[in-house]
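Residue numbering restarts at 1 for every chain, and letters A, B, ... go by the order of the sequence lines. When reading the values below, keep in mind they use all heavy atoms of this one structure, side chains included, and skip hydrogens, waters and symmetry mates.
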Amino acid sequence: MSDTKSEWAIEADGLVKTFGSNRAVDGVDLRVKPGTVYGVLGPNGAGKTTTISMLATLLRPDGGSARIFGHDVVHEQHVIRQLIGVTGQYASVDEKISGIENLIVFGRLLGLSHKAAKRKGEELLEAFDLADAAKRPVDKYSGGMRRRLDLASSLIAQPPLIFLDEPTTGLDPRTRGQMWDVIRGLVTSGSTVLLTTQYLDEADQLASRIAVIDRGHVVAEGTADDLKGLVGTASLLLRLADPEQTEAAVTSIHQVLGSTATVTPEAARLTAPMSDPERVTDLLIRLREQGIRLTEMSVQKPTLDEVFLTITGHGASTDDAEASDDAKEKVSA
Amino acid sequence: MTAIPLPAKLQSTELRTHVSVRETVSQSLTMAFRALLRLRRTPEQWFDVVLQPIIFTPMFAFIFGGAIAGGVEAYLPMLIPGILVQTVVTTSIVTGTTLREDMEKGVFDRFRTMPIARIAPLAGALLTDSIRYAIATALTFLMGWIVGWRPEGGWALLLAALLVIFTAWALSWVWALLGVLARTAGAVQGIGLMILFPLTFLSNAYVPIDTLPEWLGVFAEWNPISHLVTATRELANAGTVGTEFWVTLAGAAVIVAVFAPLTVRAYMRKA
């Protein structure tokens, strides 16, 4: 089929966008396979939304190029707009009118008759569990309902590529779970999804490949397992009863787990990468033998911040960059 | 070619490179439909076009009638066209303020990612505003009738209404440009009123020009609002299409010819 002359849903090469002296996006490359969920992971201000805006024809790139199913985002804007659906970080629906009225307006704009637009709208509201709220104005909707309506609006034309910009930011855990199910459903029906998120967990749950983006650059790319491999699957967190014993504990951790613990001296807290949970038992026995008493023990999953720390050498938030660098120097041998 | 699982609709539809004129018209109408849906939920947006004619028309008639024309009845043929022009022309600023507010909303981003004519949201707004002007016009005529105005223009009354609506529509292009360029809706409102308030009062809308000091009289004489008011009076009260009608029509056409391309260009750059 001539419409799909590329094997990639998205190809971006060296995308650049500058705002004044700030290079918000500074040479981003992406390759997204059709029929998959691709995660773009990064902190606030990393350039995720700007990247999506360029791919979705909302912003014109200052450098580089991008193609959606082989169509250029700058020269074939009108074609691109027929291929994509965009659900923004802030719900892009009309708050003053009702859910069904929103969908009718969008459907009419896409060339459906009033009747067909209404039928399609009712269908989508039903699918997104919004049928009861169809006639209520959107400004009376909860955050989760708004996001769902927003996503429903992006699906009227059944676009083959859907951009989801932080679809679950600010949602409670239950609503987030519902949103995840919806996204999985999209891919099952054959769509391609590009998803941005601040949560490693979310990218892990949904995306088959992930690009980690920081200060406008892609700093790592791969499957969720690839990325987690960089930081270890989880880390063990220990708090000692006696801070004097910190050094002895670090030595034991090194001997038993084979990893180097990070120390927070004030709180007598140790964090150690943990690759094999079996070994934790050995470590706990060793610590008891040495008379090192613990007041707290927990296992932490890798956080975005740790992925960042490992990949970029600074923390996920730009403001904390210096603090994280300091912390790194405190890592004892 | 490997089967890329495109959802059903796009597989059967050709991808298109432009929007046809028919689609543009239909999309503009849909945008106007949206504006009407919004109006239903925000009745305060009707206040200016509904309340202003209802309150101001009798108020001005009873306050100034005796002083200016020696009686309310005698003042009405002069006042009604004047107040009509002021009401409708002033309400044209709303085009700019609502456009500004709309462009800041998230929904505008959705419009920008949809395969629709770029101009549709703007065209829709201008279309809806014509309806507002028509309402303000009808209500002013109605209130005039209630307080005793008996125009003798006959069918020319309709032409008078159309002239005022068209001129206000022409002016709304100016406010739309301001709406695209200004940072806030409040700024549009402020600038708009600052221009229109003196312009509508320093005209022949409420008083005969020969009662003004000479220098002000010259200004009022040249004021484009005066031409519109005179043209409207001639049509409504006597049913005559005078020079002023053509002057006003030409003036409005020039405004559209200048500002429509400017507005569209500024709008397209932002949209």
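The contact list for residues 30-38 of chain B toward chain A, using heavy atoms and a distance under 4.5 Å, reads B/Thr30, B/Met31, B/Phe33, B/Arg34, B/Leu37, B/Arg38 by residue number.
The two residues B/Met114 and A/Leu110 have their closest heavy-atom pair at CE-CG, 3.6 Å. When all heavy atoms of A/Asp94 and B/Val107 are compared, the pair lying nearest together is N-CG2, 3.7 Å.
When the shell of 6.0 Å around NZ of A/Lys118 is examined, it contains 12 or fewer heavy atoms from other residues, nucleotides or ligands. With a 6.0 Å radius and a threshold of 12 heavy atoms from other residues, nucleotides or ligands, B/Phe201 has its CZ atom above the threshold. Within 6.0 Å of CZ on A/Arg184 lie more than 12 heavy atoms contributed by other residues, nucleotides or ligands. Heavy-atom contacts from other residues, nucleotides or ligands closer than 6.0 Å to CD of B/Glu101 number more than 12. Atom NZ of A/Lys96 is surrounded by 12 or fewer heavy atoms from other residues, nucleotides or ligands within 6.0 Å.
With chain B as the partner, the residue from A/Thr192, A/Val105, A/Leu109 showing the most heavy-atom pairs under 4.5 Å is A/Leu109. The greatest number of non-hydrogen atom pairs below 4.5 Å with chain B, out of A/Ile97, A/Leu58, A/Thr57, is found for A/Leu58. Of the listed residues (A/Leu161, A/Asn102, A/Val79), the greatest number of heavy-atom pairs within a distance under 4.5 Å of chain B belongs to A/Val79. If you tally non-hydrogen atom pairs under 4.5 Å between each of A/Ser153, A/Ala56, A/Gly111 and chain B, the highest count goes to A/Ser153.
With rounding to the nearest 0.5 angstrom, the OG1 atom of B/Thr113 is 11.5 Å from the CD atom of A/Gln77. Note that the CZ atom of B/Phe108 and the OG atom of A/Ser92 stand 12.5 Å from one another [nearest 0.5 Å]. Note that the CD1 atom of B/Ile116 and the CZ atom of A/Arg108 stand 13.0 Å from one another [nearest 0.5 Å].
Considering only heavy atoms from C-beta on, B/Leu15 comes within 4.5 Å of A/His71 through its side chain.
Of the two parts of A/Ser53, neither the backbone nor the side chain holds a non-hydrogen atom closer than 4.5 Å to a non-hydrogen atom of chain B. Looking at B/Gln27, the atoms closer than 4.5 Å to chain A (heavy atoms on both sides) sit in the backbone and in the side chain alike. Residue contact with chain B, scored on non-hydrogen atoms closer than 4.5 Å, is absent for A/Phe163. For B/Thr42, the part sitting under 4.5 Å from any heavy atom of chain A is the side chain, from C-beta outward, and nothing else.
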Salt bridge (charged side-chain N to carboxylate O under 4.0 Å, His left out) assessment of A/Asp139 paired with B/Arg41: CA-CA 11 Å; A/Asp139 51 13; B/Arg41 309 248 182 210; over 6 Å; no
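At distances below 3.5 Å, not a single donor-acceptor pair connects side-chain atoms of B/Arg16 with backbone N or O atoms of A/Gln82. One N or O on the side chain of B/Arg110 and one on the backbone of A/Asp150 form a donor-acceptor pair closer than 3.5 Å.
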